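The structure under discussion appears below in the form of structure tokens.
Values below: all heavy atoms of this structure, side chains included; hydrogens, waters and symmetry mates excluded. Atoms within a ligand are numbered from 1 in the order they appear, just like the ligands themselves. It should be emphasised that the depicted structure is a prediction, and the values quoted were computed from it without experimental measurement.
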Amino acid sequence: MTRKELFKNTLRKSVHAWKLINELPLSDDESLMLRHFMDQPGFLDLHWRMFVPAIKGQGTEEQKQKWLPLANKMQIIGCYAQTELGHGSNVQGLETTATFDPQTDQFILHSPTQTSSKWWPGGLGKVSTHAVIYARLITDGKDHGVHGFIVQLRNMDDHSPLPGITIGDIGVKFGNGAYNSMDNGFLMFDKFCIPRDQMLMRLSKVTREGKYVPSDVPRQLMYGTMVSVRQTIVSNASIAMARAVCIATRYSAVRRQFGSQNGGIETQVIDYKTQQNRLFPLLASAYAFRFVGEWLKWLYTDVTQRLEASDFATLPEAHACTAGLKSMTTSATSDGIEECRKLCGGHGYLWCSGLPELFAVYVPACTYEGDNVVLQLQVARFLMKTVSQLGSGKAPAGTTAYMGRAKHLLQCRSSIRKAEDWLNPAMVLETFEARALRMAVSCANNLSKFENQEQGFSELLADLVEAAIAHCQLIVVSKFIVKLEGEIKGKGVKNQLKNLCYIYALHLIHKHLGDFLSTNSITSEQASLANHQLRSLYTQVRPNAVALVDAFDYTDHYLGSVLGRYDGNVYPKLFEEALKDPLNDTVVPDGYHEYIRPLIKQHLRSARL
Ligand SMILES: CC/C=C\C/C=C\C/C=C\C/C=C\C/C=C\C/C=C/C(=O)SCCNC(=O)CCNC(=O)[C@H](O)C(C)(C)COP(=O)(O)OP(=O)(O)OC[C@H]1O[C@@H](n2cnc3c(N)ncnc32)[C@H](O)[C@@H]1OP(=O)(O)O
Ligand SMILES: Cc1cc2nc3c(=O)[nH]c(=O)nc-3n(C[C@H](O)[C@H](O)[C@H](O)COP(=O)(O)OP(=O)(O)OC[C@H]3O[C@@H](n4cnc5c(N)ncnc54)[C@H](O)[C@@H]3O)c2cc1C
């Protein structure tokens, strides 16, 4: 499809999905599922996942009563317009202004520079009638920082931009189809006026007289919509990873190379330990991310309930967990999808393998909802704060509770003696805790050598990110272990999940061996034992690998991959796909007479053939 066709077709699908949701009707969870199977980024994502939650989270009761019924019936379509051409990560650096005019009781929205243009918001370019706009609030010449506003962008009769608004699509993005179904947009305001009651005023207010009334709740609640989406992105990472792994595992069982004896069949590539060493940790990650996603959903629900009761104590942890896990799981999944493409050899590079499109549509997850490095630095700040409070009498809680055992974890030596000891959950956990704590404490010690903490922080950024990743990996491993300790129906299933849990943990040790050795969390002998155990786990997973990906229950239609077909009938179908290519419509290609024939003829003449 051309870009225009792709965009229009996605509009068609989105509106059809919305019709089904109402007609059947579907519950909220079912509606999310339907969107998932629609399987293309589109304006519904931003309307439901960001515009509506932003109003719910930051609007007053009156604002919710006014706007939510319209949004819930999709009589208005909204998006979330925060990022600007010049500023994305640095939200406090946004330039768009919203200046209160007491004479008209209005805010004047203005884009003072080119870099202040909104740039990137999905659904903004061509579809949205409304947006939640983030702009600097100015009253009486004073800048109060960034706040949210509900703004109508387009005329409700003919969809034209309202006077004072310039709006459009930012152009083609990575990949052929991928994210190009979405109208990520730009937007500029030229002194555009909105009524005062369209500032989202649950957190802070501007009175009729133009007085700014700050809230008595943390201003970070303004970032709540991002926290909510980051949480869902973790579960989505599992879905995308599982999809790539399903394709690569099924195909690795079909594909044979070398090893034929006396004219017999060749070896299935899934039997090579190198293939297993690349594939099975990704299979394990798909399960691990699913379980940590379930836990994160619980954490998010818990913090939401606490916030409603004005208990803000767990907000920093919820922010650190959603930011860190969003970052860690999306980076691992993007890398994992690419690894799965390589695991499928040359055929993985074919569009019909389903992997190139999956990669192209998935990889921006490392950037949207917060650049992955920037987000890990938020985790690092949280860790440094926690370390600095050790010994102050304030016991670390939640995911940093292990830091409360700092004295032990800083000096303990792993008691792993034989390979099977690596199947002991307490020993594995302690290894990850020791490594995470020691990396965090080492950063804190190095920071303390700087007179200026912020300067020290900038100097140590790379180490801080590594410490944050170590903490996030510990969370994933520990939540996998907790899952195993809970109720899992079926002993066989539990055994399989145990294998995957240890593959996940031991492979991380192998991959980040430098961290584990340099922090003396394990010895090089213990590292060898971990490798030995890993190989044995691969052997145990091998006979069940295909069943473990079938368990994801993806249809062939959803996978969209010739290589990942459930029936394994890969080669005939590759031919069928090839023959569908427009280049094969004719035997002699268009251009032959124009370019190939004259070239050949010229050579034939000169060679006197
Ligand atoms: C085939 C498949 C197809 C599709 C895929 C399927 C499904 C998709 C699934 C889900 C996707 C859903 C939606 C669509 C996807 C994309 C849409 C994308 C939308 C966007 O990208 S919106 C824009 C997002 N932008 C960002 O994330 C910006 C990142 N920057 C920030 O968040 C902050 O500015 C930053 C960097 C965290 C903080 O900057 P700064 O240091 O300047 O901090 P502040 O001074 O502002 O605050 C300091 C203080 O506040 C704490 N804090 C920061 N953030 C939060 C927070 N969110 N909650 C709580 N607390 C927070 C921070 O720790 C500091 O605390 P301290 O003072 O140290 O105690
Ligand atoms: C597909 C897609 C959809 C999007 N949808 C929306 C949307 O609906 N609404 C919306 O408002 N926005 C949206 N965005 C924008 C997105 O949120 C931002 O792109 C994202 O937050 C990153 O910001 P940036 O582009 O400014 O990156 P930058 O911050 O410019 O990052 C560039 C580089 O600088 C590094 N860097 C930046 N700051 C630091 C630091 N402090 N320390 C160390 N390194 C740093 C980063 O790691 C990165 O390597 C979308 C983006 C994409 C790609």
Describe, in one word, how the ring planes of Y368 and Y179 are oriented to each other, choosing from parallel (under 30°), tilted (30 to 60°) and perpendicular (over 60°). tilted
At under 4.0 Å between heavy atoms, is it the side chain or the backbone of Y80 that contacts ligand 1, or both, or neither? side chain
Students often mix this up, so state it plainly: with edges at 30° and 60°, are the rings of H144 and Y212 parallel, tilted or perpendicular? parallel
Could you note down all residue pairs passing salt bridge (charged side-chain N to carboxylate O under 4.0 Å, His left out) where residues 364-392 supplies at least one of them, sequence neighbours left out? R381-E454
Tell me whether the guanidinium CZ or amine NZ of R243 lies under 6.0 angstrom from the six-membered ring centre of Y558 and within 45° of its axis. yes
Decide whether the shortest distance between a heavy atom of R381 and an atom of ligand 1 is less than 4.0 Å. no
From atom 32 (C) of ligand 2, is the closest protein heavy-atom distance below 4.0 Å? no
Residue, atom and distance of the protein heavy atom nearest atom 29 (C) of ligand 1 read S89 O, 3.7 Å
Could you list which atoms of ligand 2 come closer than 4.0 Å to a heavy atom of G122? 7 (C), 8 (O)
M38 and ligand 1 - part of the residue with a heavy-atom distance under 4.0 Å: neither
Short version for N372: what comes under 4.0 Å of ligand 2, heavy atoms counted, is neither
Ligand 1 N/O within reach of N236 N/O, cut-off under 3.5 Å: no
Under 4.0 Å between heavy atoms, the region of V361 that gets near ligand 1 turns out to be side chain
Salt bridge or not between E294 and K297? Use side-chain N to carboxylate O under 4.0 Å. no
Ligand 1 contact on Y134 by region, counting heavy-atom pairs under 4.0 Å: neither
Per-atom filter on ligand 1: closer than 4.0 angstrom to a heavy atom of Q220 are 49 (C), 50 (O), 51 (C), 52 (N), 59 (C), 60 (N), 61 (C)
Tell me the protein heavy atom at minimum distance from atom 2 (C) of ligand 1, and give that distance in Å. D39 OD1, 4.1 Å
For G370 and ligand 1, does the shortest N/O to N/O distance drop below 3.5 Å? yes
Proximity to ligand 1 by part of V374, non-hydrogen separation under 4.0 Å: side chain
Checking H47 side chain against I77 main chain: does a donor-acceptor pair fall under 3.5 Å? no
Do T96 and E84 have side-chain N/O donor and acceptor atoms under 3.5 Å apart? yes
Is it the side chain, the backbone, both or neither of E317 that has a heavy atom closer than 4.0 Å to ligand 1? neither
Nearest non-hydrogen protein atom to atom 10 (C) of ligand 1, with distance, is R49 NH1, 3.3 Å
Which ligand 1 atoms, with their elements, are less than 4.0 angstrom from a heavy-atom of M50? 19 (C), 22 (S)
Among non-hydrogen protein atoms, atom 3 (C) of ligand 1 lies closest to R35 NH2, 3.8 Å
Minimum non-hydrogen distance to atom 15 (C) of ligand 2, winning option of T83, L46, T225: T83
In short, salt bridge (charged side-chain N to carboxylate O under 4.0 Å, His left out) pairs touching residues 311-331 with sequence neighbours left out are R306-D311
Residue, atom and distance of the protein heavy atom nearest atom 43 (O) of ligand 1 read Y223 OH, 4.6 Å
Whether D39 and K13 form a salt bridge (side-chain N of Lys/Arg under 4.0 Å from carboxylate O of Asp/Glu) is what I want to check. no
Proximal ligand 1 atoms for V227, defined as those under 4.0 Å from one of its heavy atoms: 56 (C), 57 (N), 58 (N)
Ligand 2 versus N90: contacting region, heavy-atom distance under 4.0 Å: neither
Give me the residue, atom name and distance of the protein heavy atom closest to atom 35 (C) of ligand 1. Q378 NE2, 3.9 Å
From atom 24 (P) of ligand 2, work out which of S458, G88, G93, C79 has a heavy atom at the shortest distance. G88
Hey, is atom 12 (N) of ligand 2 touched by any protein heavy atom at less than 4.0 Å? yes
Ligand-residue contact atoms, ligand 1 with G88, heavy atoms, under 4.0 Å: 28 (C)
Minimum-distance protein heavy atom relative to atom 20 (C) of ligand 1: E369 OE2, 3.5 Å
Quick check: Y368 and ligand 1, any N/O pair under 3.5 Å apart? no
Are any of the N or O atoms of K385 closer than 3.5 Å to those of ligand 1? yes
Identify, by atom number and element, the atoms of ligand 1 in contact range of V91, meaning under 4.0 Å from any of its heavy atoms. 28 (C), 30 (N), 31 (C), 33 (C), 34 (O)
Heavy atoms only: which of Y80, F51, W120 is nearest to atom 53 (C) of ligand 2? W120
Of A131, G86, S89, which has the heavy atom at the shortest distance from atom 22 (C) of ligand 2? S89
Heavy atom of protein closer than 4.0 angstrom to atom 27 (O) of ligand 1: yes
Heavy-atom contacts with Q82 under 4.0 Å: which atoms of ligand 1 show up? List them by number with element. 23 (C), 24 (C), 25 (N), 26 (C), 28 (C)
R219 versus ligand 1: do any nitrogen or oxygen atoms come within less than 3.5 Å of each other? yes
Counting both backbone and side chain atoms, is some N or O of Y368 under 3.5 Å from an N or O of ligand 2? no
Looking only at protein heavy atoms, which one is nearest to atom 56 (C) of ligand 1, and how far off is it? H319 ND1, 3.3 Å
Does the protein put a heavy atom under 4.0 Å from atom 17 (O) of ligand 2? yes
With heavy atoms and a 4.0 Å threshold, my read on which part of T367 contacts ligand 2 is both
Report yes if some N/O of Y179 lies less than 3.5 Å from some N/O of ligand 1; otherwise report no. no
Can you tell me which portion of V229 lies within the under-4.0 Å heavy-atom range of ligand 1? Options are side chain, backbone, both, or neither. side chain
Distance filter under 4.0 Å to M226 heavy atoms, resulting ligand 1 atoms: 24 (C), 25 (N), 26 (C), 27 (O), 32 (O)
Less than 4.0 angstrom from a charged side-chain N to a carboxylate O is my criterion; do K126 and D169 meet it? no
